[in-house]
Amino acid sequence: MRYAYPQDHGLNFIQYNGLGVTSTMAGRDVEKFKKYILSVAAAKTFTQGNYKGGNSFIYIQSTILKLTAMYITYMESKGLLSPAERQILIDWCEPMIKYQKQLKGNSAADSRAASGAAMISWGSLTNDKRLIRAGRKNWQQALPFVIGSIGNLQRHPDHKNVPLSELSIEDAYNEALAVVVEGAAIQENLGIDAFNAKFKGRTVHDAVVWWTGVVASRPPAFKGYDRKSHNWTVAWMTIYLSKYPNNPVAGQMRAIIKDVARGKKPMFESVGLGTATDCLWGYN
């Protein structure tokens, strides 16, 4: 099970993990999922890297790191994880950190922000302050694109070789903003006001307000209304609303979420954000 490829298998893998974590937090199939996650951890699943085609293995690993950090924290809070079991999970994820730190295959805004969030999450779990600082630096490297695109959306230079039919400008921006919002929320849990991080006088809040208006206007090329998706999802809105329920565009956000979710629970299965964001972040 030491998978490096295919990367579409990686997306299925992290989606299954995300649903397993949220089910655990809901009190369902706790022992069943623990047996599963310990087995894939012992097999060092997805610890090997392959840079040829497909979705980035580094991006897949960043989601594994975030989810596993959340899983360990939750299980320990309930007394459901032994020290030996914890170590199996730690030993699984530690080799992934080196890939999160590097630039190779990890230079686009969404990748930098996702790696940053993963490093911050893992550093918090392991009490590694240096890793948290490094993760914050990664995350901040996405801000020039995310904040700098307000009112002037442009193609990220690291996507120049990706056909617009596969990743439109709107899709790329939405994906980058999603992990920037997630990373900011993770930092806020550590007492860091990352939503007010600035680039040329503007903040993450400003980016959220602007893009919510764009989403609400439904530009023809934008695909961001999928409930169950890797890239094209507005699940980040549930994360933002969990922190800022009375923000200036909260009404617009809730209307968009209602339109996308169509009464289903969980509202979203956003693969890159840990899957069921409304469950993970307590949005209701």
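- You'll find the side chain of Phe268 stays beyond 4.5 Å of the side chain of Lys228, heavy atoms only.
- Counted within 6.0 Å of CZ on Arg202, heavy atoms from surrounding residues, nucleotides or ligands total 12 or fewer; the atom is thus considered open.
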> How far apart are the C-alpha atoms of Asp29 and Ser23, what are their side-chain angles, what is the distance that settles it, and do they pass the side-chain hydrogen bond (donor to acceptor under 3.5 Å, both in side chains) test?
Replying inline: CA-CA 7 Å; Asp29 298 321; Ser23 292; 5.4 Å; no
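- Side-chain contact between Asn196 and Val204 is absent, with no heavy atoms from C-beta onward closer than 4.5 Å.
- With a 4.5 Å cut-off on side-chain heavy atoms, Gln61 and Pro95 do not count as touching.
- Using cut-offs of 30° and 60° for the angle between ring planes, the Phe13 and Phe46 rings count as tilted.
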>> Would Val40 and Ile37 count as a side-chain contact (heavy atoms from CB on, under 4.5 Å) here? Give the steps.
In response: CA-CA 5 Å; Val40 298; Ile37 198 69; 3.9 Å; yes
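- Surrounding NZ of Lys243 are more than 12 heavy atoms belonging to other residues, nucleotides or ligands, all under 6.0 Å away.
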> Going through the checks in order, is the side-chain hydrogen bond (donor to acceptor under 3.5 Å, both in side chains) test met by Glu94 and Trp122?
Replying inline: CA-CA 9 Å; Glu94 282 291 338; Trp122 199 253; 2.9 Å; yes
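- Atom-to-atom distance recorded for Trp236:CH2 and Asn174:CG is 7.0 Å, nearest 0.5 angstrom.
- Figure legend: Arg218 and Tyr225 shown as a cation-pi pair, the cationic atom lying under 6.0 angstrom from the six-membered ring centre and within 45 degrees of its axis.
- Under the 4.5 Å side-chain criterion, counting only non-hydrogen atoms from C-beta, Ile58 is in contact with Gln102.
- Trp281 CH2 to Ile239 CD1: the interatomic distance, rounded to the nearest 0.5 Å, is 6.0 Å.
- Residue-environment remark: NZ (Lys34) exceeds the threshold of 12 foreign heavy atoms within 6.0 Å.
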>> side-chain contact (heavy atoms from CB on, under 4.5 Å) for Gln100 and Ser62? Distances and angles first, verdict last.
In response: CA-CA 7 Å; Gln100 305 303 310; Ser62 72; 3.3 Å; yes
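- The closest side-chain heavy-atom distance from His205 to Asn247 is not below 4.5 Å.
- Atom OG of Ser124 is separated from atom CE of Met119 by 13.5 Å, given to the nearest 0.5 angstrom.
- Under the 4.5 Å side-chain criterion, counting only non-hydrogen atoms from C-beta, Thr212 is in contact with Met237.
- Remark: of the listed residues Ile147, Leu177, Leu153, Leu153 is the sole one forming a side chain to side chain contact (heavy atoms under 4.5 Å, CB included) with Trp210.
- A single hydrophobic cluster is seen to contain both Leu38 and Ile64, as judged by linkage of ILVMFWY side chains at heavy-atom distances under 4.5 Å, directly or through other members.
- The shortest distance between side-chain heavy atoms of Glu182 and Val179 falls below 4.5 Å.
- Rounded to the nearest 0.5 Å, atoms CD1 (Ile257) and CD (Gln252) are 12.0 Å apart.
- Rounded to the nearest 0.5 angstrom, Leu11 CG and Tyr59 OH are separated by 10.0 Å.
- Here the closest non-hydrogen pair linking Ala176 and Asp110 is CA-CB, 3.8 Å.
- Considering every non-hydrogen atom in both Thr233 and Ser270, the closest pair reads CG2-OG, 3.3 Å.
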>> Working note: Tyr240 + Thr277, criterion side-chain contact (heavy atoms from CB on, under 4.5 Å); need CA distance, chi angles, decisive distance, verdict.
In response: CA-CA 10 Å; Tyr240 190 76; Thr277 53; over 6 Å; no
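- The closest side-chain heavy-atom distance from Pro266 to Thr22 is not below 4.5 Å.
- Remark: Asp206 does not engage Lys198 in a salt bridge, criterion side-chain N to carboxylate O under 4.0 Å.
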>> Using side-chain contact (heavy atoms from CB on, under 4.5 Å), reason through Tyr71 and Asn17 one step at a time and then give a plain yes or no.
In response: CA-CA 10 Å; Tyr71 178 75; Asn17 280 8; over 6 Å; no
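- Residues Gly274 and Thr63 come closest through the heavy atom pair N-CG2, 4.3 Å.
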